[in-house]
Number of protein chains: 2
Amino acid sequence: MQISSRFTVALHIFSCVDTFKDEYKVTSDFLASSINTNPVIIRRILGQLKNAGLIEVARGTGGVTPTRPLAEITFYDVYKAVDPIEDDELFHFHENPNPECPVGRNIHNLLNEKLESIQRAMEDEMRRYTIEDLHEGMEKLLAEEA
Amino acid sequence: MQISSRFTVALHIFSCVDTFKDEYKVTSDFLASSINTNPVIIRRILGQLKNAGLIEVARGTGGVTPTRPLAEITFYDVYKAVDPIEDDELFHFHENPNPECPVGRNIHNLLNEKLESIQRAMEDEMRRYTIEDLHEGMEKLLAEEA
DNA sequence: CGAGTTGTAATTGCAACGGTTACTTCTGTT
DNA sequence: AACAGAAGTAACCGTTGCAATTACAACTCG
């Protein structure tokens with residue numbers, strides 16, 4: 001299973017907000033046009049980012065503002081905000097192994113720490129990247145374009 | 001999005017095959033009972049593992065045999081076998097960012113290596129665990145039970 | 001007040017998942 | 001040769017999540 005495109009869309013949103021905040025009023029329509037999707041999709045993601053406390057959204061007038069320095073917003077924060085998972089567990093464990101089977105009643109214990117370490121490896125790597133990295137990377141790419 | 005339970009089911013299968021291979025004929029019915037699901041679900045997963053070259057399945061008579069030493073079958077092998085993903089990309093990138101927008105036409109380049117490194121972190125950790133680890137871990141758990 | 005914008009509910013089409021039934025194909029045994 | 005047991009597989013179901021869309025209420029500012 002793939003991780004929802006909401007994640008890359010959210011990163012795209014942050015990059016747009018950062019790049020265009022002084023030039024344009026960055027509304028859900030504006031963002032939808034850059035991302036090439038529907039404004040409602042954007043608003044829903046903005047809502048998730050807002051609920052997670054990562055941004056503020058100006059009602060009525062429009063506009064998006066990060067609530068923290070960009071270096072303090074990691075990919076992990078964004079991921080957790082837009083792709084909430086039941087119990088925070090990346091792996092969907094089959095629910096009811098047979099407790100009368102020796103393997104069935106021990107498999108969960110056997111796998112648990114291994115699955116956790118795999119999930120942790122992914123999430124730790126996500127924590128290494130921040131929105132500030134996006135800011136710098138985009139500046140560089142735009143400079144190369146010119 | 002969670003990773004399909006086919007992954008933990010497949011690991012459960014390997015553990016059962018290893019634990020019961022001398023005592024019982026390990027059929028899809030037998031496995032379905034330990035895992036507490038439908039035999040057809042098991043057969044479908046066995047088919048995926050077979051296609052990936054990880055096991056052989058005895059038609060007619062029943063039974064599952066790994067094709068390699070257990071230490072040479074990693075969690076990654078199992079994951080790739082049962083959870084095939086389009087283009088092998090963990091992250092679903094939104095398809096059509098607007099090329100007329102400076103951010104839109106650069107976002108893919110900007111994110112690509114970062115997303116790849118996150119995926120790689122997960123997959124590398126998956127490669128650290130093998131079915132042999134399951135064998136040893138299960139033996140230990142069963143010894144503690146006795 | 002009115003224009004522009006966000007917030008949100010409701011609906012749609014689609015795909016994947018897990019489950020189930022039913023049937024065919026294969027294999028070893030009697 | 002027939003039979004029983006088992007894998008292989010197609011077809012279908014209900015549920016869920018996703019992305020998209022329409023429609024409308026709530027809000028803000030000029």
Side-chain angles (χ1 to χ4, degrees), chain A residues 1-10 12-13 17 24-33 35-52 55-65 79 82-87 89-97, chain B residues 1-10 12-13 16-17 20-21 24-33 35-52 55-65 79 82-87 89-98:
Chain A
M1 252 293 137
Q2 277 184 309
I3 286 167
S4 151
S5 70
R6 285 194 303 273
F7 180 55
T8 57
V9 169
H12 188 144
I13 287 173
V17 169
Y24 299 96
K25 182 161 67 161
V26 182
T27 66
S28 61
D29 265 61
F30 179 93
L31 291 164
S33 151
I35 289 159
N36 213 348
T37 182
N38 191 290
V40 177
I41 301 288
I42 303 297
R43 286 184 218 138
R44 283 205 277 252
I45 294 174
L46 290 177
Q48 291 181 296
L49 296 173
K50 193 176 65 171
N51 287 338
I55 60 171
E56 275 172 4
V57 182
R59 212 176 161 165
T61 164
V64 177
T65 323
Y79 168 65
V82 299
D83 211 336
I85 285 182
E86 195 180 353
D87 294 329
E89 291 187 342
L90 177 60
F91 295 95
H92 178 195
F93 212 110
H94 52 291
E95 318 269 342
N96 303 305
Chain B
M1 249 294 139
Q2 279 184 308
I3 285 167
S4 151
S5 69
R6 286 195 302 273
F7 180 56
T8 57
V9 169
H12 189 145
I13 287 173
C16 272
V17 168
F20 297 119
K21 62 183 183 303
Y24 300 96
K25 183 160 64 159
V26 182
T27 66
S28 62
D29 265 64
F30 179 94
L31 290 164
S33 153
I35 289 159
N36 213 349
T37 182
N38 191 289
V40 176
I41 301 288
I42 303 297
R43 286 184 218 137
R44 285 206 275 247
I45 294 174
L46 290 177
Q48 290 181 295
L49 297 173
K50 194 176 66 170
N51 287 339
I55 60 171
E56 275 171 6
V57 183
R59 213 177 160 165
T61 162
V64 176
T65 323
Y79 169 65
V82 301
D83 212 335
I85 286 181
E86 196 181 352
D87 294 328
E89 291 188 341
L90 178 60
F91 296 96
H92 179 194
F93 212 109
H94 53 291
E95 319 269 342
N96 303 306
N98 186 344

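Proteins come first, then strands; the chains are lettered A, B, ... in the order of their sequence lines, and each starts at number 1. In this text the structure is predicted, and so the values were computed from the model without any measurement.
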Calculate the interatomic distance between [X] atom [atom1] and [N] atom [atom2]; express it in whole Å.
{"X": "B:His92", "N": "C:dA16", "atom1": "NE2", "atom2": "P", "result": "11 Å"}
{"X": "A:Ile42", "N": "C:dG7", "atom1": "CD1", "atom2": "P", "result": "12 Å"}
{"X": "A:Ile3", "N": "C:dA16", "atom1": "CD1", "atom2": "P", "result": "17 Å"}
{"X": "B:Ile85", "N": "C:dA15", "atom1": "CD1", "atom2": "C1'", "result": "14 Å"}
{"X": "A:Phe91", "N": "C:dC17", "atom1": "CZ", "atom2": "P", "result": "15 Å"}
{"X": "B:Arg44", "N": "C:dC17", "atom1": "CZ", "atom2": "P", "result": "10 Å"}
{"X": "A:Phe30", "N": "C:dT6", "atom1": "CZ", "atom2": "P", "result": "12 Å"}
{"X": "B:Arg6", "N": "C:dG19", "atom1": "CZ", "atom2": "P", "result": "11 Å"}

Can you confirm whether [X] sits close enough to [Y] that some side-chain heavy atom of one is under 4.5 Å from a side-chain heavy atom of the other?
{"X": "A:Ser5", "Y": "B:Glu95", "value": "no"}
{"X": "A:Phe91", "Y": "A:Ile85", "value": "no"}
{"X": "B:Val9", "Y": "B:Thr37", "value": "no"}

Minimum-distance nucleotide to A:Thr27 side chain [options: C:dA10, C:dT5, C:dG18]: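 Closest nucleotide to the A:Thr27 side chain: C:dT5.
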
With sequence neighbours excluded, what pairs up with [X] under the ring-ring contact (aromatic ring centres under 6.0 Å, His included) test?
{"X": "B:Phe93", "answer": "B:His108"}
{"X": "B:Phe30", "answer": "B:Phe20, B:Tyr24"}
{"X": "A:His94", "answer": "B:His12"}

B:Asn96 side-chain N/O to A:Asn36 backbone N/O, donor-acceptor pair under 3.5 Å: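 No: the side chain of B:Asn96 does not pair with the backbone of A:Asn36.
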
Exam field: side chain A:Asp83 to backbone B:Met1, donor-acceptor pair closer than 3.5 Å: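 Yes, A:Asp83 side chain to B:Met1 backbone: donor-acceptor pair under 3.5 Å.
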
N or O in side chain of B:Ser5 less than 4.0 angstrom from C:dG18 OP1/OP2: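 True: B:Ser5 side-chain N/O within range (under 4.0 Å) of C:dG18 OP1/OP2.
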
Partners passing side chain to side chain donor-acceptor pair (under 3.5 Å) against B:Ser28 (at least two apart in sequence or in another chain):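 Result, side chain to side chain donor-acceptor pair (under 3.5 Å) vs B:Ser28: B:Arg43.
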
Summary of protein contacts for nucleotides 21-30 of chain C, nucleotide by nucleotide, where a base hit scores B, a sugar-phosphate-only hit scores S (4.0 Å, heavy atoms): BB--BBS---

First of A:Ile41 and B:Ser28 reached from the 5' end of DNA chain D, by closest nucleotide: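 Of the two residues, B:Ser28 wins.
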
Earlier contact from the 5' end, DNA chain C, for A:Lys50 and A:Met1: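 Checking each residue's closest nucleotide, the 5'-ward one belongs to A:Lys50.
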
Nucleotide interval of DNA chain D bounded by contacts with chain B (heavy-atom cut-off, under 4.0 Å):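 First-to-last contact on DNA chain D, by the 4.0 Å heavy-atom rule, is D:dG5 to D:dA19.
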
